[in-house]
Amino acid sequence: MMADFQTDGFFMQQALRAARKAYSAQEVPVGAVIVKEGKIIARAWNQVETLKDATAHAEMLALTSAQNALGDWRLDGCTLYVTKEPCPMCAGAIVHCRPDRVVFGVPDGKAGAAGGWINLLEANPPLNHRCEIASGILQEECLAMLQSFFREARERKKEEKRVRKLESGEDDSH
């Protein structure tokens, strides 16, 4: 599927705005929006830590919000924009909700389920629905946010470890 860089770029910017909300809440910065007929009907960001719910990925929350907005679990005619390639859990839910397209920023070769590690969205004959996929939309911006988040998280973890050592008297630098 050919991406419409102007339209896809605009809506991916909106998904990036949602990802920034996740970032500021110290959640993995993934954001998602769902669009129907050129209008955003759902916005969400990762809230796994906030909600203490392993399923609270941006895509899952956006799917639920879009279903509520439409009053139907079927998302025919919709496009999901997400800053990072969906994982297998999210891809399974996406297939069941049946949006027409999924557009993402950063591919995930280790755990992506839209062509990175596996492709549950396009070419899986046993599943009842296939989504068109466009990837790499605003990839650099999406990747930079993820890299910055994980770099800061590693630095925080190192600092916390250093403080614990100091507090327990294990510091031998004196």
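What you see below is based on every heavy atom in this structure, not just the backbone, and it leaves out hydrogens, waters and symmetry mates. What you see is a predicted model; the values in this text were computed from it and never measured.
- Using bins of under 30°, 30° to 60° and over 60° for the plane-to-plane angle, the ring pair F149/Y23 lands in the perpendicular bin.
- Note on M12: it clusters hydrophobically with I41, by side-chain heavy-atom contacts below 4.5 Å among ILVMFWY residues.
- The line from CD of Q67 to SG of C78 is 9.5 Å long, rounded to the nearest 0.5 Å.
- Closest heavy-atom contact between V102 and P86: CG1-CG, 4.2 Å.
- Ion pairing between D72 and R74 holds under the 4.0 Å rule for side-chain N and carboxylate O.
- Contact of the R98 side chain with the W73 side chain is registered, since non-hydrogen atoms from C-beta on lie closer than 4.5 Å.
- In this structure the side chain of I40 reaches within 4.5 angstrom of the side chain of Q14, judged on heavy atoms.
- Within the structure, salt bridge (Lys or Arg N to Asp or Glu O under 4.0 Å) contacts touching residues 79-94 (residues at least two apart or in different chains) are K84-D108.
- Between E159 and R156 there is no salt bridge, since none of the side-chain N atoms of the basic residue sits less than 4.0 Å from a carboxylate O of the acidic one.
- P29 has its side chain out of reach of N46: every pair of non-hydrogen atoms, C-beta onward, lies at least 4.5 Å apart.
- Criterion: ILVMFWY side-chain heavy atoms under 4.5 Å apart, direct or through other members. Under it, Y81 and V106 are part of a common hydrophobic cluster.
- Counting only heavy atoms from C-beta outward, the side chains of I34 and S65 never approach each other to under 4.5 Å.
- Of all heavy-atom pairs between E59 and C87, the closest is OE2-N, 4.2 Å.
- Residue K36 qualifies as enclosed at atom NZ: its count of foreign heavy atoms under 6.0 Å is above 12.
- Under the 4.5 Å side-chain heavy-atom criterion for ILVMFWY residues, no single connected hydrophobic cluster contains both M60 and L120.
- Note on L61 and V35: separate hydrophobic clusters, where clusters join Ile, Leu, Val, Met, Phe, Trp and Tyr whose side-chain heavy atoms are under 4.5 Å apart, directly or indirectly.
- Under the 4.5 Å side-chain heavy-atom criterion for Ile, Leu, Val, Met, Phe, Trp and Tyr, V30 and L16 are members of the same hydrophobic cluster.
- A salt bridge between D8 and R101 is present, with a side-chain N of the basic residue lying under 4.0 Å from a carboxylate O of the acidic one.
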### Message
Using the rule given for side chain to side chain contact (heavy atoms under 4.5 Å, CB included), can you reason through T55 versus M89, listing the C-alpha separation, both sets of side-chain angles and the distance that settles it, and then say yes or no?
### Response
CA-CA 8 Å; T55 68; M89 172 185 69; 3.8 Å; yes
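- The shortest non-hydrogen separation linking P99 to I94 is CD-O, 3.1 Å.
- Residues V103 and T79 form a side-chain contact, since some pair of their non-hydrogen atoms from C-beta on lies under 4.5 Å apart.
- Residues V48 and V28 are not in side-chain contact: their nearest non-hydrogen atoms beyond the backbone lie 4.5 Å or more apart.
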